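All remarks here apply to the structure that follows.
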Amino acid sequence: MKTIALVAHDGKKAELLEWVKVHAAFFQDKELVATGTTGRLLGEVLQKPVKCLASGPLGGDQQIGALIAEQQIDWLVFFWDPLSSQPHDPDVKALIRLAVVWNIPVACNKATADFIVHSTLVAQDYQRTVPDFSAHNNRL
Ligand SMILES: O=C(CO)COP(=O)(O)O
């Protein structure tokens with residue numbers, strides 16, 4: 001079963017919840033993991049269990065990053081807010097960085113999230129890429 005991590009900053013939570021409602025059927029057979037507040041709200045909207053980690057500013061972004069590094073996450077939906085500053089900005093950047101390092105699909109806005117939901121690749125057993133650090137190691 002696919003595991004999807006969902007995260008939204010406060011200024012983007014309403015947008016994420018609206019988007020998730022539109023795609024509620026898509027999420028029914030997926031395992032969902034989320035940062036604390038986002039996860040509680042998602043559980044209420046979707047009426048299904050969501051694994052809630054710590055709230056973002058208290059380490060939730062880092063927990064999701066760790067799950068990505070453990071290859072437990074197939075797709076990240078992260079509606080971060082480009083119009084407000086976050087006290088845990090380094091964690092936000094680290095989470096996005098790990099999604100890129102591990103080559104998982106990451107949607108930071110509705111348009112990209114729509115593309116992923118409608119992609120035929122979603123139904124396939126999408127192969128995550130294990131990062132190749134050989135070039136980096138050669139420089140040491
Ligand atoms: O801050 C967040 C992501 O960086 C989100 O955390 P919450 O879901 O707990 O609001």
Side-chain angles (χ1 to χ4, degrees):
M1 190 195 288
K2 298 280 176 193
T3 302
I4 303 175
L6 298 116
V7 185
H9 286 151
D10 289 349
K12 288 283 177 176
K13 281 186 171 66
E15 191 178 332
L16 179 70
L17 294 174
E18 271 313 303
W19 179 80
V20 157
K21 258 191 238 171
V22 171
H23 297 287
F26 173 85
F27 287 104
Q28 284 317 308
D29 67 343
K30 310 288 187 297
E31 240 167 66
L32 305 181
V33 181
T35 47
T37 318
T38 304
R40 181 175 52 76
L41 296 169
L42 285 170
E44 288 168 13
V45 165
L46 291 173
Q47 292 292 302
K48 68 170 273 160
V50 177
K51 183 171 183 189
C52 295
L53 304 173
S55 183
L58 298 180
D61 293 34
Q62 298 246 11
Q63 288 178 298
I64 292 181
L67 289 173
I68 291 173
E70 290 169 4
Q71 303 185 59
Q72 305 288 314
I73 303 290
D74 296 293
W75 172 25
L76 172 65
V77 179
F78 189 0
F79 283 16
W80 60 272
D81 187 351
L83 298 179
S84 64
S85 57
Q86 305 293 328
H88 56 305
D89 190 54
D91 298 10
V92 172
K93 288 205 175 81
L95 175 53
I96 295 169
R97 178 183 171 276
L98 284 172
V100 173
V101 166
W102 286 91
N103 192 34
I104 62 164
V106 49
C108 295
N109 61 22
K110 245 182 350 178
T112 313
D114 280 336
F115 267 78
I116 298 173
V117 164
H118 293 293
S119 167
T120 52
L121 291 173
V122 163
Q124 295 171 20
D125 198 12
Y126 185 78
Q127 193 63 47
R128 278 178 292 251
T129 312
V130 176
D132 175 9
F133 290 115
S134 53
H136 173 75
N137 289 339
N138 287 343
R139 281 183 296 164
L140 298 177

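Whatever order the structure lists them in is the order used to number ligands and atoms, beginning at 1. Just so it is clear, the structure is predicted and the values come from calculations on it, not from any experiment.
Considering only non-hydrogen atoms, atom 4 (O) of ligand 1 lies nearest to D61 out of D61, T35, L41, L53.
Residue contacts with ligand 1, taken as heavy atom pairs separated by less than 4.0 Å, involve V7 solely via side-chain atoms from C-beta onward. Residue-level proximity to ligand 1 for V92 is carried by the side chain, the only part with a heavy atom below 4.0 angstrom.
Summary of contacts: the protein heavy atom closest to atom 10 (O) of ligand 1 is K13 NZ, 2.6 Å. Nearest non-hydrogen protein atom to atom 8 (O) of ligand 1 is T38 OG1, 2.5 Å. Looking only at heavy atoms of the protein, atom 6 (O) of ligand 1 is closest to G56 N, 2.9 Å. Protein heavy atom closest to atom 1 (O) of ligand 1, with residue, atom name and distance, is H88 NE2, 2.9 Å. The nearest heavy-atom contact from the protein to atom 9 (O) of ligand 1 is S55 OG, 2.6 Å.
Between Q86 and ligand 1, no pair of N/O atoms sits closer than 3.5 Å.
With hydrogens and angles disregarded, a donor-acceptor distance shorter than 3.5 Å links the side chain of K48 to the backbone of F27. Remark: side-chain polar atoms of H9 are not paired, donor with acceptor, to backbone N or O of W80 under 3.5 angstrom.
Listed by number with element, the atoms of ligand 1 under 4.0 angstrom from any heavy atom of A8 are 5 (C). For ligand 1 and T37, the ligand atoms under 4.0 Å from any heavy atom of the residue are 7 (P), 8 (O), 9 (O), 10 (O). Taking a cut-off of under 4.0 Å to the non-hydrogen atoms of P57, the atoms of ligand 1 that pass are 1 (O).
Put simply, the side chain of Q72 does not reach to within 4.5 Å of the side chain of I68, judged on heavy atoms.
Annotation: W19 is not in aromatic contact with F26 [ring centroid separation under 6.0 Å not met].
Heavy atoms only, all atoms of each residue included: I116 and P105 are closest at CD1-CB, 3.9 Å.
To the nearest 0.5 Å, atom OG of residue S84 and atom CG of residue D81 are 3.5 Å apart. F79 contributes atom CZ, which lies 6.5 Å from atom CG of N109 (distance to the nearest 0.5 angstrom).
Between R97 and the choices L95, V101, V100, the side-chain contact (heavy atoms from CB on, under 4.5 Å) rule is met once, by V101.
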